[in-house]
Undergrad: 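Before anything else, here's the structure in question.
Numbering starts at 1 and runs along the sequence shown.
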Amino acid sequence: MTTLKPVIPDDLKGTTTVPEALIQDFLATFDPSESSDVLHLFVDARTGALYSECHVRASKLVALSTTDVPLDPEEQPEYRANREVVANHAAFSTMKEDAKQRRSFSNIVAEFTKEFDADTPLKIIGGQHRIESIKEALAAGVDELHGIKVYFGLSSEQRLDAQLISNTVIAVPTDLYD
């Protein structure tokens with residue numbers, strides 16, 4: 001079993017609850033490269049949201065994730081966290097070719113939850129263009145490791161905040177924000 005190593009600021013140590021069963025479920029489902037020994041668990045001190053940064057094979061990402069993520073699954077299930085993929089942008093075409101040439105992507109932001117859409121427990125809230133590129137590369141036989149920032153046990157407020165910050169990007173063409 002993987003050891004969880006919480007990295008929690010001293011002033012938040014008594015206020016943070018680690019959802020160990022949820023995290024162990026993530027580890028068993030996705031088998032990140034970091035899971036053989038220790039998985040670091042961080043806390044966003046501003047919101048108290050728990051997350052880890054790790055690497056997962058494309059085959060797991062594609063099979064068990066979705067970019068069709070509601071902003072608020074309980075109150076407003078029709079509003080989505082991700083913008084539409086800009087399929088004809090030159091940067092996206094380059095990204096897809098890079099993925100097929102075994103480029104490993106990172107900074108994919110997700111939440112692991114089975115509260116809704118349990119068949120795809122990894123909800124992609126930032127990085128839909130990278131995920132689409134990874135899907136195409138996997139279809140061409142490329143199964144690389146990719147870096148994800150995965151949140152656990154988010155409240156509605158934390159979920160909205162994580163979606164907002166993951167979709168606020170600087171120095172990327174505006175039509176490729178994800």
Side-chain angles (χ1 to χ4, degrees), residues 26-27 29-35 39 42 44 46-47 49-73 76-152 154 156-178:
F26 167 77
L27 292 170
T29 303
F30 283 91
D31 190 30
S33 61
E34 293 80 358
S35 70
L39 183 74
F42 301 95
D44 179 334
R46 186 181 137 343
T47 64
L50 294 169
Y51 67 93
S52 183
E53 295 190 5
C54 56
H55 296 82
V56 175
R57 288 250 162 239
S59 52
K60 295 279 187 176
L61 282 175
V62 169
L64 299 168
S65 71
T66 182
T67 58
D68 187 22
V69 181
L71 281 169
D72 185 348
Q76 296 177 313
E78 66 279 1
Y79 292 108
R80 295 301 189 240
N82 289 304
R83 295 172 2 121
E84 294 295 319
V85 169
V86 182
N88 61 351
H89 195 281
F92 184 42
S93 295
T94 299
M95 187 183 296
K96 293 189 295 184
E97 286 306 311
D98 285 351
K100 289 175 186 170
Q101 293 177 25
R102 301 187 63 194
R103 160 102 5 114
S104 179
F105 293 110
S106 60
N107 299 320
I108 297 167
V109 181
E111 177 186 8
F112 180 78
T113 180
K114 292 183 176 176
E115 290 178 11
F116 58 98
D117 192 9
D119 292 336
T120 52
L122 196 66
K123 311 310 191 261
I124 306 299
I125 56 178
Q128 73 266 21
H129 287 90
R130 282 165 276 169
I131 290 294
E132 289 303 316
S133 299
I134 291 166
K135 282 181 184 178
E136 283 193 25
L138 183 63
V142 178
D143 192 12
E144 292 299 312
L145 287 167
H146 298 281
I148 62 173
K149 178 178 187 178
V150 57
Y151 287 94
F152 300 100
L154 294 177
S156 293
E157 294 80 21
Q158 290 169 330
R159 182 175 293 117
L160 290 172
D161 182 73
Q163 291 171 350
L164 175 67
I165 63 169
S166 72
N167 286 297
T168 305
V169 182
I170 300 170
V172 173
T174 55
D175 49 354
L176 283 185
Y177 281 167
D178 56 34

Undergrad: To the nearest 0.5 Å, what is the distance between CG (Leu160) and OG1 (Thr47)?
TA: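 Result: 11.5 Å between the selected atoms.
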Undergrad: Please tell me if the side chains of Ile131 and Ile108 come closer than 4.5 Å, counting only heavy atoms from C-beta onward.
TA: yes
Undergrad: Should Val56 and Leu122 count as side-chain neighbours, where that means a heavy-atom distance under 4.5 Å?
TA: no
Undergrad: Looking at Phe42, does the NZ or CZ of Lys149 lie under 6.0 angstrom from its six-membered ring centre and within 45 degrees of the ring axis?
TA: no
Undergrad: If you define the side chain from C-beta out and look only at heavy atoms, does anything of Val109 sit under 4.5 Å from Tyr151?
TA: yes
Undergrad: Is it true that a side-chain atom of Lys60 and a backbone atom of Asp31 form a donor plus acceptor pair closer than 3.5 Å?
TA: no
Undergrad: Quick one: CD on Gln158 to OH on Tyr51, what's the gap to the nearest 0.5 Å?
TA: 12.5 Å
Undergrad: With sequence neighbours left out, what residues match Lys100 under salt bridge (Lys or Arg N to Asp or Glu O under 4.0 Å)?
TA: Glu97, Glu136
Undergrad: With rounding to the nearest 0.5 angstrom, report the CG to CD1 distance, Asn107 to Ile148.
TA: 11.5 Å
Undergrad: Got a sec, which residues hit side chain to side chain donor-acceptor pair (under 3.5 Å) with Asp117, two or more places apart in sequence or on another chain?
TA: Thr120
Undergrad: Keeping the roles fixed (side chain from Arg103, backbone from Met95), state whether a donor-acceptor pair exists under 3.5 Å.
TA: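 Checking the backbone N and O of Met95 against the side chain of Arg103, no donor-acceptor pair under 3.5 Å is found.
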Undergrad: Once side chain to side chain donor-acceptor pair (under 3.5 Å) is applied, do any residues pair with Asp143, and if so which ones, sequence neighbours excluded?
TA: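 For Asp143, the residues satisfying side chain to side chain donor-acceptor pair (under 3.5 Å) (neighbours in sequence not counted) are Ser59.
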Undergrad: Do the side chains of Thr66 and Lys123 get nearer than 4.5 Å, heavy atoms only?
TA: yes
Undergrad: With Glu144, which residues qualify under side-chain contact (heavy atoms from CB on, under 4.5 Å), at least two apart?
TA: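 For Glu144 the side-chain contact (heavy atoms from CB on, under 4.5 Å) partners, ignoring immediate neighbours, are Arg102, Val142, His146.
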Undergrad: Going from CZ on Phe105 to CD1 on Ile134, what distance comes out if it is rounded to the nearest 0.5 angstrom?
TA: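 CD1 of Ile134 is found 6.5 Å from CZ of Phe105.
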Undergrad: Which heavy-atom pair separates Leu64 from Asp119 by the least distance, and what is that distance?
TA: CD2-O, 4.0 Å
Undergrad: Looking at Lys114 and Ala118, what are the two nearest heavy atoms and their distance?
TA: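 Result for this residue pair: O-CB, 3.9 Å.
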Undergrad: For Arg57, check side chain to side chain donor-acceptor pair (under 3.5 Å) against everything at least two apart and list the hits.
TA: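 Arg57 satisfies side chain to side chain donor-acceptor pair (under 3.5 Å) with no other residue.
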Undergrad: Between atom CD1 of Ile124 and atom CD of Gln163, what is the distance when rounded to the nearest 0.5 Å?
TA: 11.5 Å
Undergrad: Lys96 and Ser133: which non-hydrogen atoms are nearest, and at how many Å?
TA: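 Of all heavy-atom pairs spanning Lys96 and Ser133, the closest is CG-OG, 3.4 Å.
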Undergrad: Are the side chains of Glu111 and Val69 in contact, using a 4.5 Å heavy-atom criterion?
TA: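 In short, these two side chains do not touch, never coming nearer than 4.5 Å.
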Undergrad: Can you tell if the side chain of Cys54 reaches within under 4.5 Å of the side chain of Leu39, non-hydrogen atoms only?
TA: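 Cys54 vs Leu39: side chains touch.
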Undergrad: List for me each residue that meets ring pair (Phe, Tyr, Trp, His ring centres under 6.0 Å) alongside Phe112, sequence neighbours excluded, and say none if there are none.
TA: Phe26
